[in-house]
Structures are given as C-alpha cells and as structure tokens.
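Everything on this sheet refers to the single structure shown next.
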Amino acid sequence: MTTAWEEFYAKTPKPSNLDENEKLLNQFIAFHAKENKKVVLVTSGGTTVPLEHNTVRFVDNFSAGSRGSISAENFLQRDYAVIFMYRIKSLEPFSRHFVGSRLLDMLELTTTNDTPSVSVTPQYVNKISDILKKYKDSLNQNMLLSISFTTLSEYLWLLRSACQALTVLENRAMLYLAAAVSDFYIPSNEMASFLPLLLATHKIPSDEPPSVHLQLVPKVLEPLVKLWVPKAFVISFKLETDESILISKARGALRKYSHSLVIANMLQNRREQVVIVSKDNQETLSLTSKQLQNGEEIEKYIVDYVVEKHKDWIDTKL
Ligand code: PAZ
C-alpha cells in the first residue's frame, strides 16, 4: 500500500528549480564532508498553499522567519555550516538586522567631478561593518548556503532533497525544522486552473462563493527520520496557543517519530520562552525582561543547548 507521503510525491510535480538546488546542496555538503564539519539544515518561514494553478489566491502560514534566521547566525557562530532553507521574503540571517530600517537613510551621496559615490552615514558604520563582516566571512568560507521555497509543495520537495543530500554526513548532520508548515493543501490534480474560470465552467453565479476542498498534508517527519536521514540529529518544533496541551503534544511527536528533540513554544511568548523536550527530560529556557530589554535573543540559548546535545549524542555513537 502506498503511504500518504509517497502519494504526495507521486502526484505533485517537482519544482522547476529543484535540480539546480540539488546540485548546490550536493556541492555544499561534499565540501563540508571533506572538512569533517557539522552541518545544520535550518528551515524557516511559512509555506503557502495555492488555491489555483495560475496562483492569484493562496492560503498562507504565519511565520516571520525570526526563529530560523536568528538561529542560523548562532549556528554559524558555533562553527556549524548552515543550509538555510527559507520562505522567500521572510527574514534571512544578517540582512534581518536591517528589516524595517530605511536603507536610503543609511547612505550618503557625494558627487565629485560629476562622479557619484555612495558611503554609509557615519552613525551606521559600526553596525553595518560588524554585520557585513560576519556575512562576508560566512560566504567566503562557504559556511552558508541559502535555498528558498514559497509553496508547500516546493518546501516538501526541497526538504526531501536536502535530507537525501545530508545522509553522507551521517550523525554530523542536524535538522532544525523551525518552518511553519501548512497542515492542509489542495492536491495539484484537484486544483482549478483559475477560480473565476471554475465558477464560469460550472455555471456558478458569480455572487456564489466556490467551495474549496482541502486535504491533510502528509506527515513527512516519519519518512524523514526513518528513511531519508536515519542517522541525523533531528529537532522539530511544536507551536501551540493552548499551554495545557503543549508538552503532551511535543511528547506525542517524540513517541511517534522517535527523533531527537522537540522544541515546544507558545505563539504568545515564543520570543521569551521555549521548552526543549527529549525522551526522558524537558528543559525550559527563558529570557528575563531585562535580557529582552537588552536585545538578547532566546535563539542563542536554544542553539547553545542543542549544539551541546548534538555533541553528547555523537559521543554516544563512538
Ligand atoms: O518565524 P517566527 O519566529 O515568527 O516563528 C517561529 C515559529 C513559531 C514558527 C517556530 O518556532 C515554530 O514553532 N515552528 C513550527 C510550527 C509548527 O508547529 O508547525
């Protein structure tokens, strides 16, 4: 019997840029395999679910990409090579520091003999040079590969390819699955080419809404852990709005998929508190209001924690 995830991949066309991304992934991973480096795949941002092939309308999943982009910077700091798999237009490592800033206000224009030149306004020089150096170092040392998705199906295809490429690293690979992935979708073969066209074809009066039939997205954590990267250290995230079910849901996921850790967070206070749940332990990490005021980010503590756990786990495999 074919499983739901096998059916998904059988019926959903692969993205046109998948081969190109696979090439980038394989090159990046081969480079770090030679160097004996640890590599983390960070997924970040939400997925969209198109309602029609010629997509004008879609259902989106909330996520700014803060968790993923901040964590990616911290993994680089801990000497992990990072594959940053992110939703287009969500936050990215390094450039995130300037989102909401007025780029043009940070620059000055001078013209000498009709030749324009652009420089950074003095008050921004320290901030920009500090971040720019880290960004350039990560690229020059080939420590950061960014690959992007928008739709749920692009995400699922890319995730599988990234996992398959990571298998060569065995337990030096870590997966940090922070993206907010849609629970429902419309299978490609059931999607209208364009909703107004569907109304017209079925002679539905234009003042009547079309009905849309959503299906459950297959849970790919199961094949991911069992088949795609069976030797990797896998961390999933669990987001809830009801605190009374948060830990039981996280434990349920661990029991079902047998992966390494679940990071449980509440929508309301996810910037200041998470609970890291393992098979026989749970640890709450939180920031005080003073730490928050000082601009500290909880991701530093999450990454420090999971890096240590990954190290201990590799040691148990020796
Ligand atoms: O991207 P962001 O910082 O706004 O939010 C992060 C998050 C809440 C999406 C992430 O921490 C998370 O819980 N991801 C998994 C969501 C889920 O349960 O599918």
Side-chain angles (χ1 to χ4, degrees), residues 5 40-49 59-75 82 84-97 99-100 146 148-153 155-156 158-159 174-185 214 216-222 224-225 234-257 259-277 282-287 292 295-306:
W5 67 267
V40 61
L41 170 72
V42 176
T43 69
S44 184
T47 59
T48 67
V49 168
V59 180
D60 208 344
N61 239 46
F62 129 92
S63 165
S66 309
R67 179 79 85 223
S69 59
I70 304 172
S71 301
E73 285 180 23
N74 282 282
F75 277 117
V82 176
F84 185 65
M85 187 178 139
Y86 72 104
R87 156 79 179 275
I88 286 180
K89 292 193 187 149
S90 68
L91 295 176
E92 293 176 57
F94 307 112
S95 65
R96 72 177 177 100
H97 295 274
V99 169
S146 297
S148 62
F149 60 86
T150 300
T151 65
L152 169 81
S153 61
Y155 168 86
L156 289 176
L158 202 48
L159 179 66
M174 184 198 287
L175 275 77
Y176 185 88
L177 305 172
V181 182
S182 174
D183 293 322
F184 307 104
Y185 79 118
L214 295 170
L216 282 176
V217 171
K219 300 286 180 210
V220 293
L221 201 48
E222 189 167 346
L224 182 151
V225 173
V234 177
I235 304 166
S236 69
F237 280 73
K238 173 61 62 195
L239 178 69
E240 289 296 338
T241 50
D242 176 356
E243 194 156 17
S244 67
I245 57 168
L246 181 66
I247 302 303
S248 58
K249 285 279 186 111
R251 291 221 164 276
L254 273 183
R255 261 197 313 276
K256 190 159 180 199
Y257 304 115
H259 55 306
S260 308
L261 298 172
V262 176
I263 303 186
N265 54 173
M266 294 288 296
L267 181 67
Q268 300 85 331
N269 68 353
R270 65 191 191 282
R271 302 264 167 264
E272 61 223 49
Q273 183 168 307
V274 300
V275 185
I276 306 191
V277 184
Q282 74 184 56
E283 187 103 18
T284 301
L285 305 182
S286 44
L287 292 181
L292 281 167
E296 285 203 50
E297 294 167 323
I298 196 163
E299 286 76 7
K300 176 186 178 320
Y301 297 93
I302 302 177
V303 168
D304 282 350
Y305 186 96
V306 300

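One is the number of the first residue; the rest follow in order along the sequence. Order of appearance sets the numbers: ligands from 1, and atoms from 1 within every ligand.
- Neither side chain, His259 nor Glu222, offers a donor N or O lying under 3.5 Å from an acceptor on the other.
- Electrostatic pairing of Glu299 and Arg67 counts as a salt bridge here, judged by a charged N lying under 4.0 Å from a carboxylate O.
- In summary, the side chains of Ser71 and Tyr176 do present a donor paired with an acceptor at a separation below 3.5 Å, with no hydrogens or angles considered.
- Residues meeting the side-chain contact (heavy atoms from CB on, under 4.5 Å) test with Gln268, sequence neighbours left out: Thr241, Met266.
- Between Arg87 and Asp60, at least one side-chain nitrogen of the basic residue sits less than 4.0 Å from a carboxylate oxygen of the acidic one, meeting the salt-bridge criterion.
- We find that Glu297 and Arg96 are joined by a salt bridge, their nearest charged nitrogen and carboxylate oxygen being less than 4.0 Å apart.
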Would you mind listing each N/O atom of ligand 1 next to any protein N/O under 3.5 Å, plus the distance?
residue, atom, partner, partner atom, Å
ligand 1, 1 (O), Ser63, OG, 2.7
ligand 1, 1 (O), Ala64, N, 3.4
ligand 1, 1 (O), Gly65, N, 2.8
ligand 1, 1 (O), Ser66, N, 3.4
ligand 1, 3 (O), Ser66, N, 3.4
ligand 1, 3 (O), Arg67, N, 2.9
ligand 1, 3 (O), Arg271, NH1, 3.2
ligand 1, 3 (O), Arg271, NH2, 3.2
ligand 1, 4 (O), Ala64, N, 3.0
ligand 1, 4 (O), Arg270, NH2, 3.2
ligand 1, 4 (O), Arg271, NH2, 3.3
ligand 1, 5 (O), Arg270, NE, 3.4
ligand 1, 11 (O), Arg67, NE, 3.3
ligand 1, 11 (O), Asn265, OD1, 2.7
ligand 1, 13 (O), Asn265, ND2, 3.0
ligand 1, 14 (N), Ala178, O, 3.0
ligand 1, 18 (O), Leu239, N, 3.1

